[in-house]
Every structure is written in C-alpha cells, then in structure tokens.
Amino acid sequence: MASSSSYNSPCAACKFLRRKCMPGCIFAPYFPPEEPQKFANVHKIFGASNVTKLLNELPPHQREDAVNSLAYEAEARVRDPVYGCVGAISFLQRQVQRLQKELDAANADLIRFACSEIPTTDHLAPPPPSPPPIHPVIGPRQGGGGGFYNQPSHGGFSLPYSLPWNDQSRDINEGGEGGGGGEGHI
C-alpha cells in the first residue's frame, strides 16, 4: 500500500481518470502507478464512482481485500465476459472432481495390488522349502498323543523354521531344553 502522493506521481486511478491525485485519495493505497491495468479493469467492469462508494463504506482494514477481490473479478470478466470468475471456479471444481476420480482409481488399484500380494508377502526373500510330509511319531511316547503334535497347527502355511515337536531326529531325553546336550540328566 504505497501512497503515490509522497512520490509526486498520481495513483493509477487518478492517472486513468486524468485528475489530480490529492493527498487523501481513496484509490492511492490500492492502485499504485506501477499497476495501471488493475484500475483500468476495475473501472471498466464496476465504474470508478461505484468503487469509491464501496471503499468509503468499508472500514479501512477491509479495503485492501475488497480491492483485491474487485481486481480479480474485473480481470476474470475481461477474460470471460459471460462467466467471469465463476467460470474459473467451475473449471477448477471440475478439475478437482476429475483429479479426485483419478485418486480414487489409483487408491483402488493400490488396494487391489496390496490384496493380491498378501499370500506372497515374502516376495523379497526366497520362499521357504516345503515341509516334509508329517507322519505320526511312533516311539517312546506311544499312545501319549504324539500324533496330535505332528499336525500343522499354524494355519496351513509353512514356517521358515521347524517346530521342536516336529523334529523327529531328536529323542525326548536328548538335546532337550536346558542346553545340556543330553548329558548330565538327573
């Protein structure tokens, strides 16, 4: 909001209207001499007297926003005399709707891709070898429910490690828990 009266140069409004720019000019803070087209558009669409009345009715702290709105609408009306800024708003709303549809489609593709990858989440690591066929354990624990422990209880998918109760190479009394290696059992 530069005052043009301090520079001895009339504001764009006074210059356009071919009048002397007085020290208290209502247009001077909002239409600097460097932006003559801004006032020309506002004057063409709204008229200088209407803008003067509007600015005089507004409190000083709201005037700059009002002038910016008038200048935006005037420029839009010069570009599109029928629709003005409503045409620009409609265009932007259609663009937002189109982009929202594209975003929704991309999200649907992402979900579809993610869902198709769920069974093979190990796509970065090689798949674990398929487990050997499970046979009932026949040994020291006959009739003790050993067959129950050999059933896959992990949802039907293979684990990257063998479960201790599926390891048929060890005896219950050897290499068990405690890390003693099967020696020194009491």
Side-chain angles (χ1 to χ4, degrees), residues 1 30 32 34-35 37-38 40-42 44-46 58 61-186:
M1 293 197 319
Y30 313 108
E34 302 86 34
E35 300 177 23
Q37 195 60 44
K38 181 178 178 181
N41 291 342
V42 170
K44 181 177 182 180
I45 302 300
F46 299 106
L58 288 174
H61 68 278
Q62 292 180 343
R63 290 177 182 169
E64 185 174 7
D65 289 336
V67 168
N68 289 336
S69 295
L70 290 171
Y72 182 81
E73 174 65 27
E75 185 176 338
R77 284 280 170 192
V78 167
R79 289 183 183 178
D80 184 357
V82 175
Y83 295 107
C85 69
V86 175
I89 291 169
S90 297
F91 171 77
L92 292 173
Q93 286 176 336
R94 285 191 305 271
Q95 189 175 13
V96 166
Q97 290 171 349
R98 182 181 55 81
L99 292 172
Q100 185 64 48
K101 286 179 184 178
E102 286 182 26
L103 180 62
D104 292 344
N107 283 335
D109 289 343
L110 183 62
I111 290 170
R112 199 169 23 256
F113 178 73
C115 288
S116 70
E117 290 292 318
I118 287 176
T120 59
T121 55
D122 300 35
H123 66 279
L124 297 178
S130 51
I134 300 173
H135 301 288
V137 175
I138 301 174
R141 293 184 59 192
Q142 291 182 3
F148 171 79
Y149 289 106
N150 290 327
Q151 300 301 319
S153 62
H154 46 272
F157 57 89
S158 61
L159 297 173
Y161 53 87
S162 63
L163 298 173
W165 51 81
N166 286 344
D167 189 4
Q168 297 177 6
S169 64
R170 291 194 288 174
D171 187 8
I172 295 174
N173 295 327
E174 292 180 21
E177 295 176 20
E183 300 175 342
H185 283 120
I186 299 178

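Note that these values count all heavy atoms, side chains included, but never hydrogens, waters or copies made by symmetry. Throughout, numbering of the chain's residues begins at 1 and tracks the sequence. In this text, all values refer to a predicted model and were calculated from it rather than measured experimentally.
- Within the structure, the salt bridge (charged side-chain N to carboxylate O under 4.0 Å, His left out) test picks out the following pairs touching residues 81-106 (sequence neighbours left out): R98-E102.
- Residue N41 is tested with K44, K38, Q37 for a side chain to side chain donor-acceptor pair (under 3.5 Å); the sole match is Q37.
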Tabulate below the donor-acceptor pairs under 3.5 Å that side-chain atoms of residues 66-85 make, not counting sequence neighbours, or state none.
from, atom 1, to, atom 2, distance (Å)
N68, ND2, E64, O, 3.3
S69, OG, D65, O, 3.1
E73, OE2, R77, NE, 2.8
E75, OE2, R79, NH2, 2.8
R77, NH1, P81, O, 3.1
R77, NH1, V82, O, 3.0
D80, OD1, V82, N, 3.4
D80, OD1, Y83, N, 3.4

